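First comes the structure, then the notes that go with it.
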Amino acid sequence: MLPYIDIPFQYGASATGASVDELKMIFSFLLSYPLAGVLKRIPDTKPYQKNLFIIAVSMFYLVGLFDLWAGIRTLFISSAGAYLIAAYVDGPLMPWIAFVFLMGHMSSNHIIRQFYVSRPDLVDITGAQMVLIMKLSAFCWNVQDGRLPQKDLADFQREKALPELPSLLDYAGYVLFFPSLFAGPSFDFVDYRSWLETSMFDVPVGTDPAIIPKTRKKRRIPRSGTPATIKAVIGLVWIFGFLKFSGWYNNDLVTGDEYMKYGFLRRIWLLHMLGVSTRMKYYGVWYLTEGACILSGMGYKGINSKTKKADWNRLQNVNPWGIETAQNSRGYVENWNMNTNNWLRNYVYLRVTPKGKKPGFRASLATFATSAFWHGFAPGYYLTFMLAAFVQSIAKNVRRHIRPFFLTPDGLRPTPYKPYYDIFSFLTTQATFAFTTTPFMLLTLPASLLVWARVYFYAIIGVILSIAFFASPAKPFLIRKLKERNKGAALKKGEDNENRKNENGEHPVMGLGLPSDPAREVDEAVKEIREEVERRRERGQSVSLPAGGDMKVAVEEKLGKTL
């Protein structure tokens, strides 16, 4: 660490109440803007200079600012290990070997931080390593795709495939890309290479010259100062909001004795505001890092077909408005940590699925486990994930079987009662996730259960009652009534928001790997096991069924223990 570098941050900490490391982290995000401006001005014809500049800046952040010598070793082990595995391991197991190595290495650091770092506000290397694991596991899959025949690849795989390994200098620049070093967003190596070689900024033949983004002389990267500045300003507003609100709404408030002096509804409100306050920090961080990426040119996504202007949301990671106004679980989780959801979908969920088959139970379970281990081993994470999975299942049932009553029979227009449904859905969604996400912030099991008990486990009771309702004759009754009501009407295709596909034509992974419908996952598990039993019987292999022969019960018990 550079001598005396902590002194201004110590003054700032005493004035704001934030920790020294938190202020240093914000400083690194803001410093990335002028440095990204310098990076952008390095001649396009000299990509090696861009790589060297990126490496030098990241070394300053890691060592000069945070004294993370051990962190450099950690990043080197993960990066070198992934590169060597990609280079010298051949065959279809290569990406999985790399994945196990990377996750195992990161898990050891999660355990060390959980048990040996007493202050959560201290910055260590685990945050940067979490971003790196997404990049490196994707890198190994891209290398594997590059070794396969083009006809065997999906469109996404062809776009991201790497027929040959990059140079060590390009690889180091990719690993240490400083605008997203500590907090993301992550991206694939082909994106980095297309940015480095400036092919990212190619304009399709026949494009109207009037809508081609303006560039500076001798530079191919379009002007990005305005969108980057907007992101920076919004990010700072969120950060200042967090510094202010976290003084009012924090973990100590809900775990302290003062909390029980309030009424039940006020306690729910305080839980909600604790979540808002905590999310402000992430909103601010992700806006700041995205803005620095935009300024460097990495956020460019081409010309928007509707607005006819440059699109800079390639690396968008969060949509605060979508979260804070969500009327259902889908709207809540799909706007959070978008790049991690993309990674889980493209490099876990779809990769576990055998070719020619639809993703099923094993894909969902593998994705859920990956998301859980990627976050760490604090009990609070798992309480949140497990409860959120059932919340999403219930929300799907509500949207399928209750919401249509508030639309016209053709599903095209709202009825006069639809605003009341929307208000109720909004309040229910926000109150439910205020409860559900509390352990994610408190982390420990005693604190999480204490706060849940203080609000009488209202969301868990609601989940149990909802599951019982949809498991009762009420569900067939609703289905029958909907059929009678909609008889003869042409329903709007694709109205079921819970099942809509993303821009790549794939069903999105819900909420950082959460199973979107646990009941359906159990049924799919039963189906897969039965198919495997039949295959083994046909081959003459012995098969042992669960005690009592009730396969579904056994799978449900196993699934419950796993999740």
Side-chain angles (χ1 to χ4, degrees), residues 13 16-19 21-22 113-115 117-122 127 238-285 318 320 323-326 329 332-333 335-337 372 375-392 394 426-465 511-512 514:
T16 62
S19 72
D21 273 18
E22 287 173 338
R113 178 171 178 84
Q114 182 173 340
F115 290 103
V117 178
S118 57
R119 291 177 52 193
D121 59 342
L122 291 177
W238 284 121
I239 291 294
F240 286 127
F242 165 71
L243 293 175
K244 188 67 174 177
F245 276 70
S246 61
W248 300 329
Y249 309 102
N250 50 56
N251 292 352
D252 292 338
L253 170 65
V254 297
T255 57
D257 295 335
E258 191 74 18
Y259 186 62
M260 293 305 294
K261 294 181 180 179
Y262 300 109
F264 175 64
L265 293 179
R266 180 70 179 276
R267 275 178 263 164
I268 295 177
W269 168 254
L270 292 176
L271 274 190
H272 172 69
M273 291 308 299
L274 172 63
V276 172
S277 172
T278 303
R279 288 192 295 273
M280 282 181 176
K281 177 175 66 175
Y282 291 98
Y283 296 160
V285 167
V318 70
I323 294 171
E324 303 303 334
T325 62
S329 63
Y332 196 99
V333 300
N335 289 297
W336 175 264
N337 212 350
H375 279 89
F377 300 100
Y381 295 145
Y382 297 84
L383 289 177
T384 292
F385 285 179
M386 287 187 292
L387 182 56
F390 290 97
V391 169
Q392 289 180 172
I394 293 165
F426 166 74
L427 295 175
T428 303
T429 298
Q430 297 298 327
T432 300
F433 274 94
F435 180 96
T436 303
T437 58
T438 294
F440 203 92
M441 296 174 281
L442 299 177
L443 298 182
T444 67
L445 183 62
S448 300
L449 295 180
L450 170 66
V451 176
W452 274 4
R454 287 179 164 186
V455 289
Y456 312 119
F457 298 98
Y458 70 85
I460 294 177
I461 293 173
V463 164
I464 293 172
L465 293 177
L512 304 181
L514 298 174

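The shown structure was predicted, so the numbers you read here are calculated from the model rather than taken from an experiment.
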So how far is it from Leu265 CG to Leu270 CG, rounded to the nearest 0.5 Å?
11.0 Å

In Å, rounded to the nearest 0.5 Å, how long is the span from OG of Ser277 to CG of Asn251?
9.0 Å

Could you tell me which non-hydrogen atom of Ser448 sits nearest to which non-hydrogen atom of Gly380, and how far apart they are?
OG-CA, 4.3 Å

Separation of Ile460 CD1 from Leu465 CG (nearest 0.5 Å)
12.0 Å

Phe385 and Ala372 have their tightest heavy-atom pair at CE1-CA, 3.7 Å

Within the structure provided, determine whether Leu271 and Thr437 are in side-chain contact (heavy-atom separation under 4.5 Å).
no

If we ignore hydrogens and angles and just use 3.5 Å, is the side chain of Tyr458 paired with the main-chain N or O of Ala431 as donor and acceptor?
yes

Testing Phe435, Phe433, Tyr332 one by one against Val391 for a side chain to side chain contact (heavy atoms under 4.5 Å, CB included), which residue passes?
Phe433

Minimal heavy-atom distance between Leu243 and Ala18, with the atoms involved, is CD2-CB, 3.9 Å

Go through it in stages, so that I can follow the logic: the residues are Leu387 and Trp452, the test is side-chain contact (heavy atoms from CB on, under 4.5 Å), and I'd like the CA-CA distance, side-chain angles, deciding distance and then a yes or no.
CA-CA 12 Å; Leu387 182 56; Trp452 274 4; 4.0 Å; yes

Please check this pair: side chain of Thr429 against backbone of Ser329, looking for a donor-acceptor N/O pair closer than 3.5 Å.
no

By ring-ring contact (aromatic ring centres under 6.0 Å, His included), which residues pair with Tyr381, not counting sequence neighbours?
His375, Phe440

Could you go through Val276 and Tyr249, starting from their C-alpha distance and side-chain angles, then the distance that decides it, and tell me whether this counts as side-chain contact (heavy atoms from CB on, under 4.5 Å)?
CA-CA 9 Å; Val276 172; Tyr249 309 102; over 6 Å; no

Show the nearest heavy-atom pair for residues Thr255 and Leu450, with the distance to one decimal.
O-CD2, 4.0 Å

Set out, in order, the CA-CA distance, both residues' side-chain angles and the distance that settles side-chain contact (heavy atoms from CB on, under 4.5 Å) for Thr438 and Leu383, then state yes or no.
CA-CA 9 Å; Thr438 294; Leu383 289 177; over 6 Å; no

OG1/Thr432 to CD1/Ile394 distance, rounded to the nearest 0.5 angstrom?
8.5 Å

Can you find a pair of side-chain heavy atoms, one from Ile268 and one from His272, that are under 4.5 Å apart?
no

For Phe240, does the CZ atom sit with more than 12 other heavy atoms under 6.0 Å from it, leaving out its own atoms?
no

Check whether any side-chain N or O of Tyr259 sits under 3.5 Å from a backbone N or O of Arg267 as a donor-acceptor pair, and report yes or no.
yes

So which heavy atom on Val254 is nearest to which on Arg454, and how close?
O-NH1, 2.9 Å

Just wondering, do Tyr283 and Phe242 contact through their side chains at under 4.5 Å, heavy atoms?
no

Could you tell me whether Phe377 atom CZ has more than 12 heavy atoms of other residues or ligands within 6.0 Å of it?
yes

Can you tell if the side chain of Leu253 reaches within under 4.5 Å of the side chain of Leu274, non-hydrogen atoms only?
no

Measure across Tyr382 and Gly376 and return the closest heavy-atom pair with its distance rounded to 0.1 Å.
OH-O, 2.9 Å

So, does Glu324 use its side chain to make a donor-acceptor pair with the main chain of Gln430 at under 3.5 Å?
no

